[in-house]
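Notes for the one structure printed next.
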Protein chains: 2
Amino acid sequence: MREFMRITKALADDNRVRVLLALKAGELCVCQISELCGLAPSTISKHLSILYQAGLIESRKEERWVFYRLPSKEATIAIREAIDWVQKSLGGTPQAAEDRKKLKQILKVDPTTICQRQLRR
Amino acid sequence: MREFMRITKALADDNRVRVLLALKAGELCVCQISELCGLAPSTISKHLSILYQAGLIESRKEERWVFYRLPSKEATIAIREAIDWVQKSLGGTPQAAEDRKKLKQILKVDPTTICQRQLRR
DNA sequence: ACTATATTTCGTCGAATGCCGAAATGTCAA
DNA sequence: TTGACATTTCGGCATTCGACGAAATATAGT
């Protein structure tokens with residue numbers, strides 16, 4: 001129950017759901033997600049930690065960056081069903097399409113540039 | 001998106017999820033749910049309205065009572081999947097079993113008695 | 001029409017949430 | 001070891017949420 005509620009609470013925020021949808025295409029680092037959502041890196045970091053503690057994402061450290069991705073096949077049934085549910089329900093919405101488009105632009109430049117861009121604000 | 005987030009936000013509360021699990025067995029009126037959760041009728045009414053606006057439950061008026069139930073087959077895919085997900089993930093938990101037991105006791109007496117019992121507090 | 005009763009709405013309060021910027025942490029390169 | 005940089009943690013502030021009781025609404029019986 002506790003575990004399940006962590007999942008539902010994690011899904012109860014627009015930006016966190018957007019992150020899950022974005023990760024469908026592959027792993028992303030904090031600054032890329034920050035750019036996608038238009039939120040401060042610290043805010044995104046907090047969101048990612050909530051998703052992580054719910055088991056909805058995994059992470060990998062590479063040099064200075066931390067990459068987040070959807071969980072592997074070994075995840076709980078509850079987790080896998082939750083992610084499938086999100087994808088199936090929202091994958092076709094305008095919001096998701098718009099984010100995919102925006103993400104394509106973000107992936108064109110390398111993370112370093114994005115982080116520097118964020119510093120200027 | 002808006003609609004989906006209404007669902008996730010509705011699921012992000014322990015008591016509302018408990019209600020969905022309880023309704024698996026059949027329709028219930030406000031005072032019965034209030035008794036099950038140990039919360040004031042006005043609080044339960046608010047929870048039910050949130051579930052209702054998310055499309056997760058339907059209602060029926062009979063005399064003084066309003067009965068709530070899970071939606072019929074014609075519900076959205078997102079709705080049906082959400083409910084199935086809840087049931088599958090939590091149906092076997094101790095919390096759910098305990099609530100089923102408690103519910104059995106509540107169903108033994110008629111709603112009128114329960115409401116009067118609530119007035120004495 | 002009046003009363004009793006089941007539910008909903010409203011006002012309020014404390015707790016939790018989401019956001020930011022600043023400071024702290026960790027990692028790589030010089 | 002020092003400096004640069006990506007991320008996380010912390011402290012704050014405004015908003016939302018969940019709880020209650022009181023008042024309002026709706027329905028049935030007298």
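Within every chain, numbering begins at 1; the chains are lettered A, B, ... in the order of the sequence lines, protein sequences first and strands thereafter. Below, each value reflects all heavy atoms present in this structure, side chains not excepted, and no hydrogens, waters or symmetry copies.
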Can you tell me the distance, in whole Å, between the [atom1] atom of [X] and the [atom2] atom of [N]?
X	N	atom1	atom2	answer
B:Ile33	C:dT8	CD1	C1'	14 Å
B:Glu62	D:dA26	CD	P	19 Å
A:Lys46	D:dT8	NZ	C1'	10 Å
B:Trp65	C:dT5	CH2	P	11 Å
A:Asp14	C:dG18	CG	P	10 Å
A:Gln53	C:dT17	CD	P	12 Å
A:Lys9	C:dG18	NZ	P	10 Å
A:Ile44	C:dG18	CD1	P	12 Å

Neighbour count above 12 (heavy atom, 6.0 Å) for B:Lys46 NZ: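 Not more than 12 within 6.0 Å, no.
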Minimum side-chain heavy-atom gap B:Leu70-B:Glu58 below 4.5 Å: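 In short, these two side chains do not touch, never coming nearer than 4.5 Å.
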Test item: A:Gln32 side-chain N/O and A:Cys29 main-chain N/O as donor-acceptor pair under 3.5 Å: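 Between the backbone of A:Cys29 and the side chain of A:Gln32 there is a qualifying donor-acceptor contact (under 3.5 Å).
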Side-chain N or O of A:Thr43 closer than 4.0 Å to phosphate OP1/OP2 of C:dC19: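 It does not, given that no N or O in the side chain of A:Thr43 lies less than 4.0 Å from OP1 or OP2 of C:dC19.
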Side-chain N or O of A:Tyr68 closer than 4.0 Å to phosphate OP1/OP2 of D:dT8: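 Answer is yes, contact under 4.0 Å.
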Looking at the side chain of [X], which of [options] is the nearest nucleotide?
X	options	result
A:Arg64	C:dT8, D:dT27, C:dC28	C:dC28
A:Ala40	C:dG21, D:dA6, D:dT8	C:dG21
A:Leu39	C:dC20, C:dT27, D:dA19	C:dC20
B:Ile50	C:dC19, C:dT7, D:dG18	D:dG18
A:Ser45	C:dT8, D:dT8, C:dG18	D:dT8

A:Glu63 or A:His47, whichever maps to the more 5' nucleotide of DNA chain C: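 Closest to the 5' end, via its nearest nucleotide, is A:His47.
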Sugar-phosphate only, base, or nothing, as touched by B:Phe67 at under 4.0 Å among non-hydrogen atoms: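 The residue B:Phe67 makes no contact with any strand.
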Sugar-phosphate, base or nothing in reach of B:Tyr52, heavy atoms under 4.0 Å: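 Result for B:Tyr52 = nothing.
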Side-chain donor/acceptor contact of A:Ser42 with base of C:dG21 under 3.5 Å: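 For A:Ser42, whose side chain was compared with the base of C:dG21, there is a donor-acceptor pair (under 3.5 Å).
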Working for side-chain hydrogen bond (donor to acceptor under 3.5 Å, both in side chains), residues B:Thr93 and B:Gln95: CA-CA 5 Å; B:Thr93 59; B:Gln95 170 75 278; over 6 Å; no
Heavy-atom pair with the smallest gap, counting every atom of A:Met1 and B:Arg18: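 That closest heavy-atom pairing would be CE-CG, 4.2 Å.
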